[in-house]
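Only heavy atoms go into these numbers, but all of them, side chains included; no hydrogens, no water, no symmetry mates.
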Amino acid sequence: MEEKNKTEEKVLKAASGMMMLVLGILMILVSIPLIVAGCVWNFLVQSVIVSVVLLVLGIIVLCGLKILQPNEALVLTLFGKYYGTLYNAGFYWVNPFCEAVNPTAVSKMPEKPKKNTLSSGDISLEGIPHTSKKVSLKKMTLNNKKQKVNDAMGNPVEIGIIVIWCVKNATQAVLNVENYMEYLSIQCDAVTRNAARNYPYDTNDESDEKTLRGSSQEIASIMQKELQEKVKDAGIEIMDVRITHLAYAPEIASAMLQRQQATAIIDARQKIVEGAVGMVEMALNQLSENQIVELDEERKAAMVSNLLVVLCGNKDAQPIVNSGSIY
């Protein structure tokens, strides 16, 4: 049943528009003098009928002229049935009774800005009524602004992505879905939420588990494949997906920041202690090897304690000079 709803694309080889333009103009130019002469000099009724027919035919011929710019396509239907698709840029003539189809051309100006923004280059397409029924094949950007989602650990996070996409099959984009721009936007929302739910924002341990913060590039690639699979039937190609915004939701951002700070302090202290122990061990070994001074176990313990206090302290140590005996 699903296969019957899909339309097989047929690329049209239309006639030259310039030749039909000249023909239509000639038919109109010939018909006008005949009509005037038939009315003024009472020519035969047949000549008037012929001139009217030529005028109507000339107008109909001119209605079949189509102009395509580079990276544009035109999907045509004839009396409700799919007729064909024009791809190559140029000046063409097609059946005048054919109608161009593009659901995005009838979109109305929304009262409020939508959540998602469709843009081509730096030009935002949000809220702009598309009057042309030509399908753009240019690369475009969908800016999926930040949305609040719970990650795999249940923490509310804000995530936003951008999608670089283009229409590869104009026939599928126009005939297989109601509005391919809105369809892409909704599927992008679904993929973003699904990815955020499957991965945690961050983990405390040093495991190989993918996280939204540490594996953003890999997760973006997974999102690209999933989104491409969802919009394949709409004739859309997903070229790239990038995560542009990722943060904890405001209600837990402060608590998570404190946790990150505590984790960073613990890690820093651990490195400091490891370095201090190594330095103390090196000092004791060099003093013993060079026979600079002989220390008993009690003096070694005192020296280790003092060195650890100096090396691990937050503030600079204040030295005390002993001018007497060390014992």
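- Nearest heavy-atom pair, Lys133 versus Ala100, reported as atom, atom and distance to 0.1 Å: CD-O, 3.1 Å.
- Rounding to the nearest 0.5 angstrom, the gap separating the CG atom in Leu212 from the CD1 atom in Ile243 is 6.5 Å.
- Remark: Glu229 CD to Gln224 CD distance equals 13.0 Å, nearest 0.5 Å.
- A 4.5 Å side-chain heavy-atom check between Met223 and Ile161 finds at least one atom pair inside the cut-off.
- At a cut-off of 3.5 Å, with distance as the only test, no side-chain donor of Asn150 or Asn155 sits close to an acceptor on the other residue.
- At a cut-off of 3.5 Å, with distance as the only test, a side-chain donor of Glu9 or Tyr87 sits close to an acceptor on the other residue.
- Partners of Arg197 under the side-chain hydrogen bond (donor to acceptor under 3.5 Å, both in side chains) rule, at least two apart in sequence or in another chain, do not exist in this structure.
- Note on Leu65 and Leu68: separate hydrophobic clusters, where clusters join Ile, Leu, Val, Met, Phe, Trp and Tyr whose side-chain heavy atoms are under 4.5 Å apart, directly or indirectly.
- Glu72 contributes a side-chain N or O that, together with a main-chain N or O of Gln69, makes up a donor-acceptor pair within less than 3.5 Å.
- Val231 places none of its side-chain heavy atoms less than 4.5 Å from the side chain of Val177.
- Evaluation of the side-chain contact (heavy atoms from CB on, under 4.5 Å) rule for Lys168 yields Cys166, Glu237 as partners, not counting sequence neighbours.
- Distance check: Leu76 CG to Tyr83 OH gives 8.0 Å after rounding to the nearest 0.5 Å.
- Clustering of Ile, Leu, Val, Met, Phe, Trp and Tyr by side-chain heavy atoms under 4.5 Å joins Leu26 with Val22.
- Membership of the apolar cluster around Ile164 extends to Met239, as traced through chained side-chain contacts below 4.5 Å between ILVMFWY residues.
- Here the side chains of Gln172 and Lys232 are not in contact, with every heavy-atom distance at 4.5 Å or above.
- Annotation: side-chain contact (heavy atoms from CB on, under 4.5 Å) contacts of Val30 (sequence neighbours excluded): Leu34, Leu54.
- Applying the salt bridge (charged side-chain N to carboxylate O under 4.0 Å, His left out) test to pairs two or more places apart or on separate chains, none has a residue in residues 86-98.
- The shortest side-chain heavy-atom distance between Glu158 and Leu246 does not fall under the 4.5 Å cut-off.
- Residues Ile162 and Met140 do not share a hydrophobic cluster, clusters being chains of Ile/Leu/Val/Met/Phe/Trp/Tyr side chains in contact below 4.5 Å.
- Applying the side-chain contact (heavy atoms from CB on, under 4.5 Å) rule to Asn71 yields the partners Leu137, Lys138; only residues at least two apart in sequence or on another chain are considered.
- A 4.5 Å side-chain heavy-atom check between Trp165 and Leu142 finds at least one atom pair inside the cut-off.
- Residue pairs that meet the salt bridge (charged side-chain N to carboxylate O under 4.0 Å, His left out) test with at least one member in residues 47-62, sequence neighbours left out, do not exist here.
- Residues satisfying the salt bridge (Lys or Arg N to Asp or Glu O under 4.0 Å) criterion with Lys225, sequence neighbours excluded, are absent altogether.
- The same ILVMFWY cluster, assembled from side-chain heavy atoms under 4.5 Å apart, contains both Leu62 and Ile67.
- Residue Leu78 is not grouped with residue Met20 when hydrophobic side chains (ILVMFWY) are merged at heavy-atom distances under 4.5 angstrom, including chains of intermediate members.
- Taking OH from Tyr183 and CG from Asp233, the interatomic distance works out to 6.5 Å, rounded to the nearest 0.5 Å.
- Listed by chain and residue number, Tyr82, Thr171 satisfy the side-chain hydrogen bond (donor to acceptor under 3.5 Å, both in side chains) test with Thr85 (two or more places apart in sequence, or in another chain).
- Counting heavy atoms from C-beta on, the side chains of Ile236 and Ile238 come closer than 4.5 Å.
- Two residues are said to be in side-chain contact when any heavy atoms from C-beta on lie closer than 4.5 Å; Asp240 and Val163 fail this criterion.
- No hydrogens or angles considered: a donor-acceptor pair under 3.5 Å links the side chains of Asn194 and Glu226.
- In terms of heavy atoms, Asn144 sits closest to Thr192 at ND2-OG1, 4.3 Å.
- Separation of atoms CG (Leu74) and CG (Leu12) is listed at 9.0 Å; rounding is to 0.5 Å.
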Per-pair distances, 0.1 Å, donor-acceptor, side chain in residues 88-98, under 3.5 Å, sequence neighbours excluded:
from, atom 1, to, atom 2, distance (Å)
Tyr92, OH, Asn88, O, 3.0
Tyr92, OH, Ala89, O, 3.4
Trp93, NE1, Val61, O, 2.8
Asn95, OD1, Phe97, N, 3.0

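- Rounded to the nearest 0.5 Å, atoms CD (Gln147) and CD1 (Ile159) are 7.5 Å apart.
- At a threshold of 4.5 Å between non-hydrogen side-chain atoms, the residues Val75 and Asn102 do not count as touching.
- Taking both residues in full, the closest heavy atoms of Pro200 and Lys210 are given as CD-O, 3.5 Å, listed atom of the first, atom of the second, then distance.
- Closest of all the heavy-atom pairs between Ala195 and Ile219 is CB-CG2, 4.3 Å.
- At least one donor-acceptor pair closer than 3.5 Å links the side chain of Asp151 to the backbone N or O of Tyr201.
- There is no path of hydrophobic side-chain contacts, each under 4.5 Å, that joins Met19 to Leu86.
- With sequence neighbours left out, Glu99 forms a side-chain hydrogen bond (donor to acceptor under 3.5 Å, both in side chains) with no residue at all.
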